[in-house]
Engineer: 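Okay, handing you the structure first.
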Amino acid sequence: MQWTLVIPLKPLARAKSRLSDTASDGLRPGLALAFAQDTVAAALACPAVKDVAVVTNDALAGRELGALGAHIVPDEPGGGLNAALAHATAVVRSARPESAVAALNADLPALRPLELARVLDAATEFPRAFLPDAAAIGTTLLGAAPGQKLLPEFGEDSRSRHRASGAVELGLEDVDSVRQDVDTGEDLRAALALGVGPRTAAMAARLLIKEP
């Protein structure tokens with residue numbers, strides 16, 4: 001089974017506010033874009049991924065991620081993360097009704113294509129499945145098999161909410177790059193220790209951030 005990934009990205013000017021202790025207001029938009037670029041590039045290189053749809057209203061992000069090969073879906077609802085994911089999933093399935101669809105965070109700069117493939121392959125065993133983040137509180141990936149609704153419950157304590165919604169939690173080991181999202185300076189250092197993509201590495205060098 002090959003998957004369509006749906007990656008949500010808020011306007012860059014409002015992204016990654018929790019990194020204020022690490023990056024200035026002027027640098028955070030570029031850092032958020034670098035995360036997304038490295039995430040999309042790794043996702044497109046994954047053998048289990050057919051294509052990637054990024055849902056965003058940010059013009060710069062749309063241009064840059066589209067240039068990498070992502071399909072850009074405007075965030076027409078403008079109703080927050082879960083509404084954006086539901087909208088993008090509907091757009092994807094309007095063209096291919098039987099697509100397997102997975103929502104993936106845009107802030108996985110250490111993402112490894114083969115680790116992502118392991119997660120997606122495991123998700124094929126269930127109608128809906130998710131992978132918790134490195135903090136074991138949130139979610140970095142939520143998948144829905146063909147014919148199944150995605151039913152995203154991202155946000156605060158999404159791990160518990162996805163479990164309560166009936167999605168199966170994937171207890172995989174050695175997929176750290178798929179779990180390591182970046183919200184804080186500590187998260188960024190953890191991602192750097194795993195080995196980030198080239199765009200994030202360049203931004204981290206500008207910020208003089210070193211891995212732990």
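Position 1 is the first residue of the sequence; numbering continues from there.
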Engineer: Do the side chain of Thr39 and the main chain of Ala106 share a donor and acceptor less than 3.5 angstrom apart?
Structural biologist: yes

Engineer: With a 3.5 Å distance limit and no angle check, can you tell me whether Thr139 reaches the backbone of Leu141 through a side-chain donor-acceptor pair?
Structural biologist: no

Engineer: Does Arg128 reach the main-chain N or O of Leu150 with its side chain, forming a donor-acceptor pair under 3.5 Å?
Structural biologist: yes

Engineer: Measuring from Cys46:SG to Leu104:CG, what's the distance to the nearest 0.5 Å?
Structural biologist: 9.5 Å

Engineer: Using atom types as modelled and distance alone, determine if a side-chain donor or acceptor of His87 lies under 3.5 Å from a backbone N or O of Pro74.
Structural biologist: yes

Engineer: How long is the gap from CZ on Arg63 to CG on Asp58, to the nearest 0.5 Å?
Structural biologist: 8.5 Å

Engineer: Could you tell me whether the side chain of Thr140 and the main chain of Asp133 form a donor-acceptor pair under 3.5 Å?
Structural biologist: no

Engineer: With no hydrogens and no angle check, is any side-chain donor or acceptor of Asp75 less than 3.5 Å from a backbone partner on Asn57?
Structural biologist: no

Engineer: In Å and rounded to the nearest 0.5 Å, what is the CZ to CG distance from Arg179 to Leu170?
Structural biologist: 10.5 Å

Engineer: CG of Leu111 to CD of Gln180: how many Å apart, nearest 0.5 Å?
Structural biologist: 11.5 Å

Engineer: Any side-chain heavy atom of Leu142 sitting closer than 4.5 Å to one from Leu151?
Structural biologist: no

Engineer: With rounding to the nearest 0.5 Å, note down the distance linking CG in Leu44 to CG in Leu5.
Structural biologist: 8.0 Å

Engineer: Is the side chain of Arg18 donor-acceptor paired with the backbone N or O of Thr184 at a distance under 3.5 Å, no angle test?
Structural biologist: no

Engineer: Show the nearest heavy-atom pair for residues Val73 and Ala53, with the distance to one decimal.
Structural biologist: CG2-CB, 4.2 Å

Engineer: Any side-chain to backbone donor/acceptor pair from Thr89 onto Leu85? Under 3.5 Å, distance only.
Structural biologist: yes

Engineer: Under a 3.5 Å cutoff, is there a donor and acceptor pairing between the side chains of Glu115 and Ser177?
Structural biologist: yes

Engineer: Answer yes or no: is there a donor N or O on one side and an acceptor on the other, between the side chain of Arg118 and the main chain of Glu173, under 3.5 Å?
Structural biologist: yes

Engineer: Determine the minimum heavy-atom distance between Lys16 and Asp107, stating which atoms define it.
Structural biologist: NZ-OD2, 2.6 Å

Engineer: Parallel under 30°, tilted from 30 to 60°, perpendicular over 60°: which one fits the rings of His162 and Phe130?
Structural biologist: tilted

Engineer: Please find the pair of heavy atoms, one from Arg14 and one from Lys10, that lie closest to each other, and give the distance.
Structural biologist: O-CD, 3.5 Å

Engineer: Under a 3.5 Å distance rule, please check whether Arg159 uses its side chain to pair with a backbone N or O of Pro132 as donor and acceptor.
Structural biologist: no

Engineer: Can you tell me if Gln2 has over 12 outside heavy atoms packed within less than 6.0 Å of its CD?
Structural biologist: yes

Engineer: So, for Ala70 and Val54, which heavy atoms are closest and what is the spacing to 0.1 Å?
Structural biologist: CB-CG2, 3.8 Å

Engineer: For Asp51, what residues pass the side chain to side chain contact (heavy atoms under 4.5 Å, CB included) criterion, not counting sequence neighbours?
Structural biologist: Thr4, Arg96

Engineer: Does either side chain, that of Asp38 or that of Thr200, offer a donor lying less than 3.5 Å from an acceptor on the other one?
Structural biologist: yes

Engineer: So which atom in Val101 and which in Trp3 form the shortest heavy-atom distance, rounded to 0.1 Å?
Structural biologist: O-CZ3, 3.4 Å

Engineer: Identify, with sequence neighbours excluded, every residue that meets salt bridge (charged side-chain N to carboxylate O under 4.0 Å, His left out) alongside Arg93.
Structural biologist: none

Engineer: Answer whether the closest heavy-atom distance between the side chains of Pro109 and Leu194 falls below 4.5 Å.
Structural biologist: no

Engineer: Testing the basics here: between Ala48 and Asp121, what is the closest heavy-atom pair and its distance to 0.1 Å?
Structural biologist: CB-OD1, 4.2 Å

Engineer: Give a yes-or-no answer on whether the side chains of Ser160 and Asp157 include a donor-acceptor pair shorter than 3.5 Å.
Structural biologist: yes

Engineer: State the CD-CE distance between Glu98 and Met1, to the nearest 0.5 angstrom.
Structural biologist: 10.0 Å

